[in-house]
Undergrad: 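I have a structure here, written as structure tokens, and I will follow up with some questions on it.
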Amino acid sequence: MAGRCKQCYWCAEQVGMINIWGNIGLFVSKLVGGVAGRSQALLADSIHSVSDIVVAALVLVGLKITGAPPDEDHRWGHGQIEYIVAAIIGILLLLCSVSITVTAVYSIV
């Protein structure tokens with residue numbers, strides 16, 4: 001964890017877990033409300049909550065990998081994984097938005 005204190009790492013991990021559990025609660029409530037009320041908008045928002053859960057999980061995984069100490073293959077540490085995680089998150093959010101758009105257009109047609 002070059003350049004990071006253990007307390008910052010612990011706080012980031014705790015905030016990530018709060019984020020995941022909060023989004024799980026939002027997903028369940030939006031899904032139940034969307035199905036009960038037959039609301040396409042609420043169902044689409046529940047899908048967005050799932051993407052938030054995946055993003056938070058990816059950030060936690062990236063945080064774990066970034067915190068690994070330097071080794072023979074990575075003399076300066078594993079900090080570059082943040083860019084890979086950011087790219088994966090961007091692609092997943094793009095796919096989620098395309099899915100919501102296609103579902104909305106199909107519903108309108």
Side-chain angles (χ1 to χ4, degrees):
M1 286 189 295
R4 295 187 183 175
C5 67
K6 290 183 185 259
Q7 184 180 6
C8 294
Y9 179 79
W10 181 85
C11 288
E13 204 171 41
Q14 296 305 309
V15 168
M17 289 306 298
I18 291 169
N19 188 359
I20 287 175
W21 285 109
N23 279 309
I24 288 172
L26 285 172
F27 164 70
V28 170
S29 63
K30 290 174 185 178
L31 183 65
V32 169
V35 170
R38 295 182 183 160
S39 170
Q40 291 291 324
L42 209 49
L43 289 174
D45 206 31
S46 71
I47 293 170
H48 183 256
S49 292
V50 170
S51 73
D52 288 342
I53 294 166
V54 172
V55 166
L58 284 172
V59 168
L60 283 176
V61 168
L63 190 64
K64 289 267 189 209
I65 294 172
T66 300
D71 55 25
E72 288 182 20
D73 294 332
H74 307 94
R75 295 186 319 171
W76 305 107
H78 297 83
Q80 299 299 319
I81 194 71
E82 293 172 358
Y83 300 110
I84 296 170
V85 170
I88 292 170
I89 289 169
I91 291 168
L92 288 175
L93 289 176
L94 179 67
L95 291 174
C96 183
S97 67
V98 168
S99 170
I100 290 171
T101 302
V102 168
T103 303
V105 169
Y106 178 76
S107 178
I108 290 171
V109 171

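If you read the sequence from its start, that first residue is 1, and numbering goes on from there.
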Undergrad: Applying side-chain hydrogen bond (donor to acceptor under 3.5 Å, both in side chains), name anything that partners S46, two or more places apart in sequence or on another chain.
TA: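 If we apply the side-chain hydrogen bond (donor to acceptor under 3.5 Å, both in side chains) test to S46, skipping adjacent residues, there are no hits.
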Undergrad: With A44, which residues qualify under side chain to side chain contact (heavy atoms under 4.5 Å, CB included), at least two apart?
TA: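 Once residues adjacent in sequence are excluded, the partners of A44 under the side chain to side chain contact (heavy atoms under 4.5 Å, CB included) criterion are I100.
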Undergrad: In chain order, what residues pass the side-chain hydrogen bond (donor to acceptor under 3.5 Å, both in side chains) check against Q40, with sequence neighbours excluded?
TA: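 In terms of side-chain hydrogen bond (donor to acceptor under 3.5 Å, both in side chains), with neighbours along the sequence ignored, Q40 is linked to no residue.
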Undergrad: Tracing side-chain links under 4.5 Å among I, L, V, M, F, W and Y, which residues wind up in one group with V109?
TA: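 V109 shares its hydrophobic cluster with V105.
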Undergrad: What pairs of residues pass the salt bridge (charged side-chain N to carboxylate O under 4.0 Å, His left out) test when at least one of them lies in residues 47-66, not counting sequence neighbours?
TA: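 Non-adjacent pairs meeting salt bridge (charged side-chain N to carboxylate O under 4.0 Å, His left out): E13-K64.
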Undergrad: Salt bridge (charged side-chain N to carboxylate O under 4.0 Å, His left out): which pairs involve residues 22-43, sequence neighbours left out?
TA: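 Sorted pair list: K30-D45.
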Undergrad: Using the salt bridge (charged side-chain N to carboxylate O under 4.0 Å, His left out) rule, collect all pairs that involve residues 88-97, keeping only residues at least two apart or in two chains.
TA: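 Output for this query is empty, none listed.
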Undergrad: To the nearest 0.5 Å, what is the distance between CD1 on I24 and OG on S29?
TA: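 That separation rounds to 12.0 Å.
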Undergrad: Considering residues at least two apart in sequence or located in another chain, which fulfil the side chain to side chain contact (heavy atoms under 4.5 Å, CB included) criterion with I18?
TA: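 I18 satisfies side chain to side chain contact (heavy atoms under 4.5 Å, CB included) with no other residue.
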Undergrad: Among all residues two or more places apart in sequence or in another chain, which pass the side chain to side chain contact (heavy atoms under 4.5 Å, CB included) test with S39?
TA: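 Only A41, L42 meet the side chain to side chain contact (heavy atoms under 4.5 Å, CB included) criterion with S39.
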Undergrad: Out of curiosity, does W21 fall in the hydrophobic cluster containing V15 (side-chain heavy atoms, cut-off under 4.5 Å, transitive links)?
TA: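 Different clusters: V15 never reaches W21 through Ile, Leu, Val, Met, Phe, Trp or Tyr contacts under 4.5 Å.
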Undergrad: Considering non-hydrogen atoms only, spot the tightest contact between C96 and I47 and give its length.
TA: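 Smallest heavy-atom distance, with atoms named: SG-CG2, 3.8 Å.
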Undergrad: Enumerate the salt bridge (charged side-chain N to carboxylate O under 4.0 Å, His left out) contacts for residues 91-109, please, sequence neighbours excluded, ordered by first and then second residue.
TA: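 Listed once each, the pairs would be none.
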Undergrad: Check the hydrophobic clustering (I, L, V, M, F, W, Y; side-chain heavy atoms under 4.5 Å; chains of links allowed) and say if L92 and L26 are grouped together.
TA: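 As far as the 4.5 Å side-chain criterion goes, L26 and L92 are not connected within one cluster.
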Undergrad: S51 and L93: which non-hydrogen atoms are nearest, and at how many Å?
TA: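 Heavy-atom minimum between the residues: OG-CD2, 3.9 Å.
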Undergrad: Which is it for I65 and V85 under the side chain to side chain contact (heavy atoms under 4.5 Å, CB included) test, yes or no, and what are the steps along the way?
TA: CA-CA 10 Å; I65 294 172; V85 170; over 6 Å; no
Undergrad: Membership question, hydrophobic clusters at under 4.5 Å side-chain separation (ILVMFWY): are V55 and I84 in the same one?
TA: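 Hydrophobic grouping puts I84 with V55.
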Undergrad: I need the minimum non-hydrogen distance between I20 and A56, along with the two atoms involved.
TA: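 Looking at all heavy atoms of both residues, the shortest contact is CG1-CB, 3.5 Å.
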Undergrad: Partners of V35 by side chain to side chain contact (heavy atoms under 4.5 Å, CB included), sequence neighbours excluded?
TA: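 V35 satisfies side chain to side chain contact (heavy atoms under 4.5 Å, CB included) with L31, L43 once adjacent residues are dropped.
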Undergrad: Can V54 be reached from V59 by stepping across I, L, V, M, F, W or Y side chains whose heavy atoms are under 4.5 Å apart?
TA: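 Yes, one cluster joins them.
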Undergrad: Strictly distance-based, threshold 3.5 Å: is any side-chain N or O of S107 a donor or acceptor partner for the main-chain N or O of A104?
TA: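 No, the answer is negative, given that no donor and acceptor are paired below the 3.5 Å cut-off.
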Undergrad: Which value, rounded to the nearest 0.5 Å, describes the distance between H48 atom NE2 and I53 atom CD1?
TA: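 These two atoms lie 11.0 Å from each other.
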Undergrad: Which Ile, Leu, Val, Met, Phe, Trp or Tyr residues join I91 in one cluster when any pair of side-chain heavy atoms under 4.5 Å counts as a link?
TA: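 ILVMFWY cluster around I91 also holds L95.
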